[in-house]
> 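My questions will all concern the structure given below.
Just so you know, ligand 1 is whichever comes first in the structure, and atom 1 is the first atom listed for that ligand. Each residue takes its place number in the sequence, starting with 1. Here the structure is a predicted model, which is why all the values come from computation and not from measurement.
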Amino acid sequence: MTAAQSQGPRVVIVGGGIIGACCAYYLAKRGARPVLVERDEVARGASYGNAGAIVPGHTPINKPGRVVQALRSLFNPLSPLYIAPRLDLDLIKWLWRFARTCSMEHLRRAMDVLGPMGHLSRKLYLEFLEEERPDCAARTEGYYEVYRSEKGLVAAEREAAFISTYGYRFEKLTGEELRRHEPCFKSDVLAGIYAADAITADPYKLTLAFVNAARRLGAQIRQKAKANRVLTTNGSASGVQLSDGELVTGDMVIVAAGAYCKPLLRRFGLYLPLQPAKGYHIDRQYSAPGTPPLRVACLLGETLIFCTPMGEFVRFAGTLEFSGLNHEIRRPRLEQLTRGARLYLSGLEPGPARSEWCGLRPCLPDGLPAIGPVAGVPGLWVATGHAMQGMTLGPVTGYLLAEWILDGKPSLDIAPLSPERFR
Ligand SMILES: Cc1cc2nc3c(=O)[nH]c(=O)nc-3n(C[C@H](O)[C@H](O)[C@H](O)COP(=O)(O)OP(=O)(O)OC[C@H]3O[C@@H](n4cnc5c(N)ncnc54)[C@H](O)[C@@H]3O)c2cc1C
């Protein structure tokens, strides 16, 4: 039975990124009737051009020592983490809350939730890839984190040891071992860590695959449909009003509009302290003639640049820039991606890029997503704030919300992710 034939609840989902797409897919799979409304084309927001690394077990950016790093970055517009100095009260409050959660105690609490979610997300991805076989350059053999400095390596080993307590697999490799796997690593790459549990893919094609699978299961996909307002009937969420005045009605609403959720939720008194964190990518034809291409994805440790082979090209993605809700490309920061990558990789020809892009990660100050119901408004749900982990946590977010909506409770305890925690 498809969603169109079922009598399950009609769920209006706002936002056609990986989060909205996965909500639509798992709801349709369970017999609900999702209607996804996307103001642009689906999969064109942050989910379009990210690094495509599904890295379960990844920690949030809130860690001990991050505050000092953030303060230093204030004065260096080329550092991977950059906060454009400006007077913005929301940003100042965000940074204050961020600073308060850069502790080991918070990191443990965060990982107690994210650890199990990562395992389930990986399982769901493997099932999806097996069932749908999407053409999205998916690779399931993990990735390397490589380092040029002893200091970087020591910090990475410490982090890997911590994450492995949540059941994730890591292996330390010497520079020689790394070069045996990937001859394009330069000789001053000292050593690295192999993370076996990661999956990589072209995120645009992967997100589209979820949208298409949801459509096949009966979900309605409405593009060029901007939701201006969440509607309520007798106090319960009952649909959205589009910018052209059309009412899209339903039994409930999930707001999954990435960095753009705030205006839709404000009228319900839910102040989500979301900040957009800009990241960039450059796609390049990788190898010069005679140079072996990069085959497996890698994180260039000290620069935080992620390099992902995506079929015909390699994507270089990274940087975390707090400069407001805009899509302005700061060229020096973009160009830093190739400059940084050349320190680690041989065979990177200068030449025209195949694509240059920036996108906005939806970031909450405690580094955790907001997933769950909005108190006082029955039928209104939120799924955003996935920051650097939206691809990683997309399926588990959609799966758990489908359980919560249809069964009354999710199979993993995600109460600490409640959107209400900021009230
Ligand atoms: C450079 C970079 C690299 C990254 N690398 C990774 C990575 O390797 N792994 C990983 O897990 N994550 C990564 N991320 C993070 C990841 O991209 C995000 O967490 C994820 O894409 C967020 O998904 P989303 O669906 O919440 O938002 P989006 O993909 O931005 O989707 C939100 C959608 O909502 C739509 N929308 C907004 N307002 C409305 C409205 N009013 N009505 C209708 N539609 C609306 C938008 O048009 C958009 O399509 C990276 C991000 C960046 C920028």
> Check for a donor-acceptor pair, side chain of Glu182 on one end and backbone N or O of Arg295 on the other, with a separation under 3.5 Å.
yes

> If you measure only the distance, is there a donor-acceptor pair under 3.5 Å linking the side chains of Ser149 and Glu302?
yes

> So which pairs with a foot in residues 363-385 pass salt bridge (Lys or Arg N to Asp or Glu O under 4.0 Å), sequence neighbours left out?
Asp366-Arg421

> My understanding is that only one of Leu217, Leu401, Ile13, Leu36 makes a side chain to side chain contact (heavy atoms under 4.5 Å, CB included) with Leu27; could you say which?
Ile13

> So what's ligand 1 close to, N/O to N/O, under 3.5 Å?
{"residue": "ligand 1", "atom": "5 (N)", "partner": "Ala51", "partner atom": "N", "Å": "3.1"}
{"residue": "ligand 1", "atom": "8 (O)", "partner": "Ala53", "partner atom": "N", "Å": "3.0"}
{"residue": "ligand 1", "atom": "8 (O)", "partner": "Ala53", "partner atom": "O", "Å": "3.4"}
{"residue": "ligand 1", "atom": "9 (N)", "partner": "Ala53", "partner atom": "O", "Å": "2.7"}
{"residue": "ligand 1", "atom": "11 (O)", "partner": "Met388", "partner atom": "O", "Å": "3.4"}
{"residue": "ligand 1", "atom": "11 (O)", "partner": "Gly390", "partner atom": "N", "Å": "3.4"}
{"residue": "ligand 1", "atom": "11 (O)", "partner": "Met391", "partner atom": "N", "Å": "2.9"}
{"residue": "ligand 1", "atom": "11 (O)", "partner": "Thr392", "partner atom": "N", "Å": "2.8"}
{"residue": "ligand 1", "atom": "11 (O)", "partner": "Thr392", "partner atom": "OG1", "Å": "2.9"}
{"residue": "ligand 1", "atom": "12 (N)", "partner": "Met388", "partner atom": "O", "Å": "2.9"}
{"residue": "ligand 1", "atom": "17 (O)", "partner": "Ala46", "partner atom": "O", "Å": "3.3"}
{"residue": "ligand 1", "atom": "17 (O)", "partner": "Asn50", "partner atom": "ND2", "Å": "3.0"}
{"residue": "ligand 1", "atom": "19 (O)", "partner": "Ala387", "partner atom": "O", "Å": "2.7"}
{"residue": "ligand 1", "atom": "19 (O)", "partner": "Gly390", "partner atom": "N", "Å": "3.0"}
{"residue": "ligand 1", "atom": "21 (O)", "partner": "Ser47", "partner atom": "N", "Å": "3.2"}
{"residue": "ligand 1", "atom": "21 (O)", "partner": "Ser47", "partner atom": "OG", "Å": "2.9"}
{"residue": "ligand 1", "atom": "23 (O)", "partner": "Ser47", "partner atom": "OG", "Å": "3.4"}
{"residue": "ligand 1", "atom": "25 (O)", "partner": "Ile18", "partner atom": "N", "Å": "3.3"}
{"residue": "ligand 1", "atom": "25 (O)", "partner": "Ile19", "partner atom": "N", "Å": "3.2"}
{"residue": "ligand 1", "atom": "29 (O)", "partner": "Ala46", "partner atom": "N", "Å": "3.3"}
{"residue": "ligand 1", "atom": "29 (O)", "partner": "Ser47", "partner atom": "N", "Å": "2.9"}
{"residue": "ligand 1", "atom": "29 (O)", "partner": "Ser47", "partner atom": "OG", "Å": "2.5"}
{"residue": "ligand 1", "atom": "30 (O)", "partner": "Ala46", "partner atom": "N", "Å": "3.0"}
{"residue": "ligand 1", "atom": "41 (N)", "partner": "Ala227", "partner atom": "O", "Å": "2.9"}
{"residue": "ligand 1", "atom": "42 (N)", "partner": "Ala227", "partner atom": "N", "Å": "2.9"}
{"residue": "ligand 1", "atom": "44 (N)", "partner": "Arg39", "partner atom": "N", "Å": "3.1"}
{"residue": "ligand 1", "atom": "47 (O)", "partner": "Glu38", "partner atom": "OE2", "Å": "2.6"}
{"residue": "ligand 1", "atom": "47 (O)", "partner": "Arg39", "partner atom": "NE", "Å": "3.1"}
{"residue": "ligand 1", "atom": "49 (O)", "partner": "Glu38", "partner atom": "OE1", "Å": "2.6"}
{"residue": "ligand 1", "atom": "49 (O)", "partner": "Glu38", "partner atom": "OE2", "Å": "3.2"}

> Using the side chain to side chain contact (heavy atoms under 4.5 Å, CB included) definition, which of the options Leu393, Asp197, Ile199, Thr140 pairs with Ile54?
Ile199

> Under 3.5 Å, is there a donor-acceptor pair between the side chain of Ser346 and the main chain of Lys186?
no

